[in-house]
Q: 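Sharing a structure with you now.
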There are 2 protein chains.
Amino acid sequence: MTALEEYINSFFGIIDPDELAVIADLFKKSSIRKGDYLVESGKICGQLSFVETGLLRMFEMTKDKEITQWISAQGYFSADLSSFLFETPSRLSIQAIEDTEVYSISKKDYLIIGELVPNWHALEKTFILRCFIMLEQRIWTHLSMTAEERYHAFFENNKALFNKVPLQYIASMLGMTPETFSRIRKKQVQ
Amino acid sequence: MTALEEYINSFFGIIDPDELAVIADLFKKSSIRKGDYLVESGKICGQLSFVETGLLRMFEMTKDKEITQWISAQGYFSADLSSFLFETPSRLSIQAIEDTEVYSISKKDYLIIGELVPNWHALEKTFILRCFIMLEQRIWTHLSMTAEERYHAFFENNKALFNKVPLQYIASMLGMTPETFSRIRKKQVQ
DNA sequence: CGTATTTCTTGATTTTTGTCAAGTGGCAGA
DNA sequence: TCTGCCACTTGACAAAAATCAAGAAATACG
């Protein structure tokens, strides 16, 4: 199984190998330079992408600051799902934190999968449901944990990210300021 | 269109009237007494329910307190989606805040819809995607707003709930203590 | 290399929110 | 009607987190 096929499998659930190959073939590899955008806010998110190497950051502007919503590393997908599926303008922007290679599928090709793979809608449903569960989990962390507890919970599951991503983005994603993040970090080391 | 059909339509998207009638027919009306449970944590959530009258509260225990995740009033559905669809034990409990009437569909009948309605999986996908978008929005409020701003944003869109629901539950759902909630409320009145 | 820029840290302070404890008021049920 | 419970409020205080400002460290790049 290729890396891309594994990424697809991990989000969409187990797929028949032949069908998986058909699906994977519709994804095209492309590169995004550090600082460049995969998706710009206000435009329609026209593709769903899996990260092969590099890092993508999803963020949204408020009147005075950027808020990072999510960071996608290898094996994760990146897209404004509602913009991609409903074809509405994206609220989010997606930017490469470093030079990044992605496998992307266009909306047109994505729709073709539905014709090629009999139970595709069921797989799609699984995919979105998994995304939903992740968000539920994330809301739970905001309702039940302090900033420090959120830090630790995230750290335990994403140690690798801490070496590669500007920490201010992780702070924002966890709902705290860079200063608070830095102080929690200091406590942990000592 | 019956009330139930409208509820279904509002979450699953526009459905052919004949199909809608078939779907609605699989829902059964039932009553839950104030204080009783529709779903208990640890068990599988066996049905998807729309509220006709009354109020349901979804909550989860931590080691020392209950945290309300969501309150469903008329026209809203209530279920632990991931438990219902994946048939995993529910983390959440769902309890009636007051005597409540619901239209519920069992998992068995829910699966039957897939055989009766050709594009059912596409509708299901829409449904879950809308739930996903609501959660995205909610995470945004935690990343970008103070407790007071969350209060106001929620109040603007859910004024009716404030007369009917114990306010401590709304406080919990917005991620603040009842005391903080009460103080924000006092400011707003003055 | 060295310099510029960005990112991160630190301290002092303020603001926000939580905790604890006491009290008020309404409402259900004997 | 009285009683007891529950929900809500209030005050005093403590803790958590944000803000502001300065400086240190890391990184990018000519």
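In what follows, chains carry the letters A, B, and so on, assigned in the order in which the sequence lines appear, proteins first and then strands, with residues in each chain numbered from 1.
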Q: Quick one: does Glu179(B) reach the base of dC8(D) with a side-chain donor-acceptor pair under 3.5 Å?
A: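 Such a pair does not exist between side chain and base.
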Q: Between Arg185(A) and dT9(C), is there a side-chain N or O to OP1/OP2 distance below 4.0 Å?
A: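 Yes, within the criterion.
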Q: Grab the NZ-C1' distance between Lys187(A) and dT10(C) for me, whole Å please.
A: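 Those two atoms, NZ and C1', are 15 Å apart.
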Q: Expressed as a whole number of angstroms, how long is the span from Lys186(A):NZ to dA16(D):C1'?
A: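 So the two atoms are 17 Å apart, to the nearest Å.
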Q: With the side chain of Gln168(A) defined as its heavy atoms from C-beta on, choose the nearest nucleotide among dA21(C), dC8(C), dA18(D).
A: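 Among dA21(C), dC8(C), dA18(D), the one nearest the side chain of Gln168(A) is dC8(C).
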Q: Between dA16(D), dC8(D), dA21(D), which one does the side chain of Thr146(A) approach most closely?
A: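 My answer, after comparing the listed nucleotides, is dA16(D).
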Q: Between Thr177(A) and dA17(D), is there a contact of a side-chain N or O with OP1 or OP2 at under 4.0 Å?
A: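 No, outside the criterion.
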Q: Between P on dA28(C) and CD on Glu98(B), what's the gap in Å once rounded to a whole number?
A: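 Rounding to the nearest Å, CD of Glu98(B) and P of dA28(C) are 12 Å apart.
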Q: Using whole Å, report how far CZ of Arg183(A) lies from C1' of dT13(C).
A: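 Computing the Arg183(A):CZ to dT13(C):C1' distance gives 11 Å.
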Q: I want to confirm an ordering. Mapping Met176(B) and Lys34(B) to their closest nucleotides on DNA chain C, which one lands closer to the 5' end?
A: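 Counting from the 5' end, the first nearest nucleotide belongs to Met176(B).
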Q: Using whole Å, what does the distance between atom P of nucleotide dA16(D) and atom CD of Glu148(A) come to?
A: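 Computing the Glu148(A):CD to dA16(D):P distance gives 8 Å.
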Q: Where the side chain of Ala147(B) is concerned, which of dG18(C), dC8(D), dT17(C) is the nearest nucleotide?
A: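 For Ala147(B), the side-chain atoms sit closest to dT17(C).
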Q: Closer than 4.0 Å, any side-chain N/O of Ser182(B) to the OP1 or OP2 of dT9(D)?
A: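 Looking at the OP1 and OP2 atoms of dT9(D), one of them is under 4.0 Å from a side-chain N or O of Ser182(B).
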Q: So that I know where these two stand, are His121(B) and His121(A) an aromatic pair - ring centroids less than 6.0 Å apart?
A: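 No, the ring of His121(B) stays outside the 6.0 Å limit from the ring of His121(A), centre to centre.
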Q: What about the rings of Phe127(A) and Trp120(A), do their centers lie closer together than 6.0 Å?
A: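 Centroid separation for Phe127(A) and Trp120(A): 6.0 Å or greater.
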Q: Does Lys43(B), at its NZ atom, have more than 12 non-hydrogen atoms belonging to other residues, nucleotides or ligands within less than 6.0 Å?
A: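 Count not over threshold, so no.
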Q: Hey, could you give me the NZ/OG distance between Lys107(B) and Ser83(B), rounded to the nearest 0.5 Å?
A: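 Atom-to-atom, Lys107(B):NZ and Ser83(B):OG are 9.0 Å apart.
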Q: Please report, rounded to the nearest Å, how far the P atom of dT17(C) is from the CD atom of Glu149(B).
A: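 To the nearest whole Å, that distance equals 9 Å.
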Q: Round to the nearest Å and state the distance from Glu66(A) atom CD to dT7(C) atom C1'.
A: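 Nearest whole value for this atom pair: 14 Å.
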Q: Let me have the donor-acceptor pairs involving side chains of residues 149-156 of chain B, under 3.5 Å, with sequence neighbours excluded, atom names and distances please.
A:
unit_1    : atom_1 : unit_2    : atom_2 : d
Glu149(B) : OE1    : Thr146(B) : N      : 2.9
Arg150(B) : NE     : Leu174(B) : O      : 2.8
Arg150(B) : NH1    : Met145(B) : O      : 3.2
Arg150(B) : NH2    : Leu174(B) : O      : 3.2
Arg150(B) : NH2    : Gly175(B) : O      : 3.4
Tyr151(B) : OH     : Gln188(B) : OE1    : 3.2
His152(B) : ND1    : Glu148(B) : O      : 3.1
Glu156(B) : OE1    : Lys159(B) : NZ     : 3.4

Q: Using atom CG of Leu174(A) as one end and atom C1' of dA18(D) as the other, report the distance to the nearest whole Å.
A: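 Spelled out: CG on Leu174(A) to C1' on dA18(D) is 16 Å.
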